[in-house]
S.K.: 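Please see the structure below; I have some questions.
All chains are named by letter (A, B, ...) in the order of the sequence lines, taking the proteins before the strands, and each is independently numbered beginning at 1.
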Amino acid sequence: MANQMFSNILVVPAIAGALCLILPRVKWIKEIIAFLAAAYTFYLSFALYPLGEVRASFFTLNLGGFELPFAFRGYPLSSLLVIFASFFVTIIVLYSWSFMAGKRGLHIYYAFSLWTLAAANGVLLSDNLFFLLIFWEILTALLFFLIGLGGNNKARAGMGKAFVILGFTDACMLLGVVLVALKYGNLSLSTLKIPVSDTTSTVMYLLFLAAAMAKAGAMPLHSWIPTAAEGAPTPVLALLPASLDKLLGIYLLARISLDIFQLNGGLRTVLLVIGGVTVLAAVGMAMVQHELKKLLSFHAISQVGYMVLGIGTGVTAGIVGGLFHMINHAIYKSGLFLSAGSVEKRAETTELDQVGGLARYMPFTFITMTIFAFSISGIPPFNGFASKWLVYQGLVETHQTVWLVVAVFGSALTLASFIKVLASIFTGKKPEGLPGKITDVPISMKIPSLLLAVLCIFFGVFASYPVYKLILPALGYSTNISITAPLMLGMGFYSSTLATVLIIVGIFIGLLIYAILRTGKMKVVEPFFYGEKFPYSYSPLTKEPDSVRFPGTEYYKTVEKLGILKGVYRDAKRGVFDLYNYLGFLGQSLFVRPMKLMHTGVLSTYLSWCIIGVVAILITVLTP
Amino acid sequence: MIIFNYLVFPGFLFAIIIGLLTVWYDRKITARVQWRVGPPWYQGFVDILKLFTKETLIPSTAKKTGFVLAPFVGFSTALLVAAMLGVAGLYPKMSFTGDIIVLWYLLMVPSIAIIFGSSASGNPISQVGSSREMKLFMSYELPFVIILFSIAAKAHTLSIGGIIEYQRVNGANLWSLSGIIGFIVALISTQAKLGLVPFDIPEAEGEIASGIILEYSGSLLAILKLMKALLLYTLPLFLITIFLGGMNLQGLGILWFIIEYLVIVFIISIIRNTNPRLRIDQAMNLFWAILTPLATLSGILSYVGL
């Protein structure tokens, strides 16, 4: 029974992915197969969660006396995340129907998306570190090709960078797995318990941590995300860096930090520092970006900071907050990328200074994107607020006032950054360079955004439902609280439902006063422009159509130029804080340069190396 | 009873009345500073009533729904914050809606609502105002957050009631070195939060013609003015709550509360009448380079117990 269930969740998307590749290129066939397979996996995953703790073992791999059982375990947190992972793949495949139509390499795109789902489910459900690592590597490889589907030079740069950073950290994890295997002779996630006391165990933990951080995109291993964002197709961004990679990275972080390793205070501080620095530095970079997808990718990094902070506190409120924020982030950030995709589809650009005034033409995208933006900025009563609030409770409980200030201020900067985004895309005047007739996106692109927006509101207004019914049970606490109950974890108190009701009552009181007292009429007039005629359009003589636009990209010019921050921004733009540049240098001097020296192109040199190799093999084989 | 507290006293209705009376008080001080007589006590009310009878002009460039809805959202959150602070003053031992973090986030919403509304008006001059308001917002929030959480850390609680209780036992937060520095920083931040001179940069009448509220008129402007009046009541009340032990409505406490409130509004009013407007980059430098280190100092001092 359990065996059947586990294998279905992995095999269905895997086979469907293969079908997408091999079936003839008939119109719509791969789209429909991909959607049905993802939706069916989503349906199957629902059956898994109520079962709670289930296990299944398929076969045992014997590597020179070392036994590796290929075993799965329905750990409650895993089962919960499988539901969300399949949900995201389903809606993003649906979104891609229209978005990707007419692009090249579609069969590869759908096949790899489904394989990504299969591999992600494999990571989430594996009970053995070795197989978890294999699925993890498959994900890295798939990500490499998916980014490459962008097909331009930027995409190629993104592929390379992602592969170098993720490959490096995957190697770290491999080393970690080998160390654990050597020392403990056991790789089972459910039975390993390693107290972090000496250097070896600290190193092991840090190796795993590097893999989790790079996947989730925390600093200093973040830089693949912004580079990938410049070239990769938008749905790929919504699928991987925005949602699945966050779920997996933070899942691994949670498992190693809460289950496998018993952390000490020092390592908690490491987590808090990583989290706090990530929140503030990434949001600072996001504020000055002018390209929508790159801006969103910096926010995707910044938000990881909250999750790491939450888990780093080590108290229930913080951990629940971190995990809740991970789910919320996946919801609103994939929504934001999908909205960016809608803008890209219609306006044919995502440069913020080339778009404007789209609210009138794309009202649906405007409303959903506003909801996502308010969620990520943590405006009550949306979902981002509830989870950030829990993280703050954890920080207060553990007396981390400094990181609390950093996190709260980071949230204010996030809001500032999204005001800029909304203002530049949707308000103001439509610039001349945009296509003449802009309409809203087709229904298959609306449904995913609509579902995500509804989830944002539902998880915000009834925040107790996800916290008490999904996350706390997944961590092994049993609760029995109604969904309108206030959140009471740690030392705080937040009644999301009551706050929402009171805000609505407040709006009604405002409207009531307005309705009773208003006697003046409403009239549409020309806007005020210092008493001059408002310049709607310009004479062809001046050739300066945009001179009275105030594009949103102008908003934070002052910040960049402010004396105290000028140098930091200049260094950041030159890549001084990008670990990739240093890693790249290291790789260059360690591997590429010697390789170059060896590849002389002289046949006799190659042959002599071959002979030396054969002799070496013979000696090893023949000596007893 | 709770519903009555939220809706009438000390909640929604009470807050509106006190807010409009405070507007009169502020205008009276302004008048006296300028050697004038000043308006009668009901001036705030009749101003609002007058605005409601005026025509409401909507610019042709506006995104109408957003433009009309924004003032109501801002008004409603200002109302909610006022009610939360009032109710917490009455029953410090209980929380009904949320703690100090909820309050801080809710206090952001009125600014955001105005920014949204002014962006929706489609007027580039208004958008200059929005960008300034947003930059101002980023600058004053940093020192304000530091002060707020160093106080929360001192009392080791996040509930508004808990902070009031702590002060009733240990004496008001203001009466210590860290408290005085913190209070000054918080007061200047409050001045900026209220958008009063020297921080009326987003409105700047002489320069960008009232900037963010440029396109608002008639009944929509009336709602905005009501919101500003509510904030003029709420923010001093917030300062009293975190520095002076909150609204104490028993015996002599009422008198003390009224005196504290009047003094704080008096200081705010005097500052606004005796200072020229700063430029936005000057304001950002003031908050990030001068007040933030001061706030940090206050936080450290309160940590070591001074």
S.K.: Counting only non-hydrogen atoms closer than 4.5 Å, does B/Ile125 touch chain A with its backbone (N, CA, C, O), its side chain (CB onward), both, or neither?
M.R.: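 Only the side chain of B/Ile125 comes within 4.5 Å of chain A.
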
S.K.: Counting only heavy atoms closer than 4.5 Å, note whether A/Phe508 contacts chain B via side chain, backbone, both or neither.
M.R.: neither

S.K.: Considering all heavy atoms of both residues, which atom of B/Leu106 and which atom of A/Pro380 are nearest to each other, and what is their separation?
M.R.: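 So the minimum-distance heavy-atom pair works out to CD2-CG, 3.7 Å.
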
S.K.: Could you pull out the closest heavy-atom pair between B/Trp104 and A/Ala412, with the gap in Å?
M.R.: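 Closest heavy-atom pair between B/Trp104 and A/Ala412: CH2-CB, 4.0 Å.
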
S.K.: In Å and rounded to the nearest 0.5 Å, what is the CD1 to CE distance from A/Ile419 to B/Met138?
M.R.: 11.5 Å

S.K.: Select all residues of residues 399-408 of chain A having any heavy atom within less than 4.5 Å of some heavy atom of chain B, and report them by number, or 'none'.
M.R.: A/His399, A/Thr401, A/Leu404, A/Val405, A/Val408

S.K.: Are B/Phe116 and A/Thr370 packed together at the side-chain level, in the sense that at least one heavy-atom pair is separated by less than 4.5 angstrom?
M.R.: yes

S.K.: Would you give the length of the straight line joining atom CE of B/Met134 to atom CE of A/Met287, rounded to the nearest 0.5 angstrom?
M.R.: 8.0 Å

S.K.: Is the number of heavy atoms from other residues, nucleotides or ligands within 6.0 Å of NZ (B/Lys225) greater than 12?
M.R.: no

S.K.: Mind checking whether B/Ile101 and A/Gln393 have side chains closer than 4.5 Å, heavy atoms only?
M.R.: yes

S.K.: Nearest 0.5 Å, what's the CD1-CD1 distance between A/Ile379 and B/Ile112?
M.R.: 5.5 Å

S.K.: What do you reckon, are the aromatic ring centroids of A/Tyr392 and B/Phe149 less than 6.0 Å apart?
M.R.: no

S.K.: With a 4.5 Å cut-off on heavy-atom pairs, point out which of B/Ile48, B/Leu57, B/Leu226 contacts chain A the most.
M.R.: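 Of the options given, most contacts go to B/Leu57.
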
S.K.: Can you tell me which portion of B/Ile146 sits under 4.5 Å from chain A's heavy atoms? Options are side chain, backbone, both or neither.
M.R.: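 Both parts, heavy atoms under 4.5 Å.
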
S.K.: Relative to chain A, which segment of B/Ile16 carries a heavy atom at a distance below 4.5 Å: side chain, backbone, both, or neither?
M.R.: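 Contact with chain A involves the side chain of B/Ile16 alone.
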
S.K.: For B/Phe72, which atoms come within 4.5 Å of any heavy atom of chain A: side chain, backbone, both, or neither?
M.R.: both

S.K.: Quick one: what part of B/Leu49 sits under 4.5 Å from any heavy atom of chain A, side chain, backbone, both or neither?
M.R.: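 Looking at B/Leu49, just its side chain touches chain A.
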
S.K.: Rounded to the nearest 0.5 Å, how far apart are CG of A/Leu422 and CD1 of B/Ile115?
M.R.: 11.0 Å

S.K.: B/Tyr105 vs A/Phe385 aromatic rings, parallel, tilted or perpendicular, using cut-offs 30° and 60°?
M.R.: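 Rings of B/Tyr105 and A/Phe385: perpendicular, as their planes differ by over 60°.
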
S.K.: Chain A heavy atoms under 4.5 Å from B/Val145: which part of the residue, side chain, backbone, both or neither?
M.R.: both

